[in-house]
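Here the structure is laid out as structure tokens; the discussion comes afterwards.
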Amino acid sequence: MRTVSVIGFDGALASAITGVIDLFRLAGVTWARINDTPPEQQFTTQLLTEGGRPCRCINGITLMADGDWRDIPTGNSQADLVIVPTIGAPIAQVLEANPGLVDWLGGFREAPNGQVRLASNCTGAFLLAEAGLLDGRQATTHWGFSNQFRKRFPGVDLKPEKLITVDGHIACAGGGMAWWDLGVYLVERYAGAKVARELAKAFVIDAGRTSQAPYGALQARRYHSDAAILKLQDWLDVNYTRPVTLQALAAFADLTERSLIRRFKAATGDTPTSYLQILRIEAARQHLENSRVAVEEVTRLVGYEDVSSFSRLFRKHTGLAPGIYRARFGR
């Protein structure tokens, strides 16, 4: 059986520890019990902390450890899978309080067998990034902390709209309860698709989710100091419903079109056109969540004319059609 080591530290989210342990321990077990067949346990699990001490989670629950994370190897494949859970306490505080853990995680720079060996859930990605493991890699974290993450770790290719990212031997999951999705994904990688499907059915998990975009506001891309671009963003925040051309935006910013595109991309990570789409989609989300205005009228209110084109764009950004989004998140 494979061994899954979950890392514990003070201020962690308890459910991201105990829930992941439950998933792995019951892979191949719960479905067999439901169907009255012999269980075939696929994983053993252990909770590891610094010095093997108990960890006090953010909800006040204290969890007993099975051992010390320093006792498992990082530089070779003997450690099957290590999972870093969500940081529930103030992030900077946890990073500062765990220099030993950060140094130890830095040992996972290589994966000789090419398999996913290290994974984080939600804000646990901050610990991986602090260890320098995510530089130049794709990663995700909770959408609400994406700006904070980008400011602290500009070298990471952050994809906050994604629920799960996998780059080499490191996997990351998005928002707080995404450990469900991460767990099922990793069970599939290690134990096969059949075991993962049965686990998802047994735990009543929707295993088809790929995006966390429907659950959070699309980020405003204001973590920069380019005054001309900030001024243009302020203008777009107010005038996003108007017909806008690249030529007009360049003139407003007193830049050439080529310079505008280059500086806007450098400052925000988006082109001016993509940023305008984000503003309009965010406005549409607010209408769908807080009103009963028809989708056709929402389309017009946010600056589009064609309902079909708007619906395709909305689905691209949120993963849901406008009507389904309203049914799920509307008041």
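Model, not experiment: these values are computed from the prediction.
Between the side chain of Arg137 and the main chain of Asp167, a donor-acceptor pair closer than 3.5 Å is present. Gln42 places a side-chain N or O within 3.5 Å of a backbone atom of Glu40 that can act as its donor or acceptor partner. Looking at Ser146, its side chain does come within 3.5 Å of a backbone N or O of Trp143 through a donor-acceptor pair. Remark: the backbone N or O of Glu296 is not paired with any side-chain donor or acceptor of Arg300 at under 3.5 angstrom. Between the side chain of Arg280 and the backbone N or O of Tyr240 there is at least one donor-acceptor pair closer than 3.5 Å. A donor-acceptor pair under 3.5 Å is formed between the side chain of Thr140 and the backbone N or O of Lys162.
One hydrophobic cluster, built from ILVMFWY side chains closer than 4.5 Å, holds both Leu279 and Trp235.
Within the 4.5 Å cutoff, no side-chain heavy atoms of Val4 are placed close to those of Asp80. Taking 4.5 Å as the limit, some side-chain heavy atom of Val298 sits within range of a side-chain heavy atom of Phe310. Taking the side chain as every heavy atom from C-beta outward, Ile83 and Leu81 approach each other to under 4.5 Å. Taking 4.5 Å as the limit, some side-chain heavy atom of Cys172 sits within range of a side-chain heavy atom of Thr165. The closest side-chain heavy-atom distance from Leu199 to Trp31 is not below 4.5 Å.
Open room surrounds CD on Glu96; 12 or fewer heavy atoms of other groups in view lie less than 6.0 Å from it. For CG of Asp254, the number of neighbouring non-hydrogen atoms (other residues, nucleotides, ligands) closer than 6.0 Å is 12 at most.
Arg197 and Glu188 are not joined by a salt bridge, as no carboxylate oxygen comes within less than 4.0 angstrom of a charged side-chain nitrogen.
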Residues Phe149, Phe153; criterion ring-ring contact (aromatic ring centres under 6.0 Å, His included); working and verdict: CA-CA 6 Å; Phe149 189 97; Phe153 308 112; 5.0 Å; yes

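Put simply, the residue from Leu23, Asn121, Val20 that forms a side chain to side chain contact (heavy atoms under 4.5 Å, CB included) with Trp180 is Leu23.
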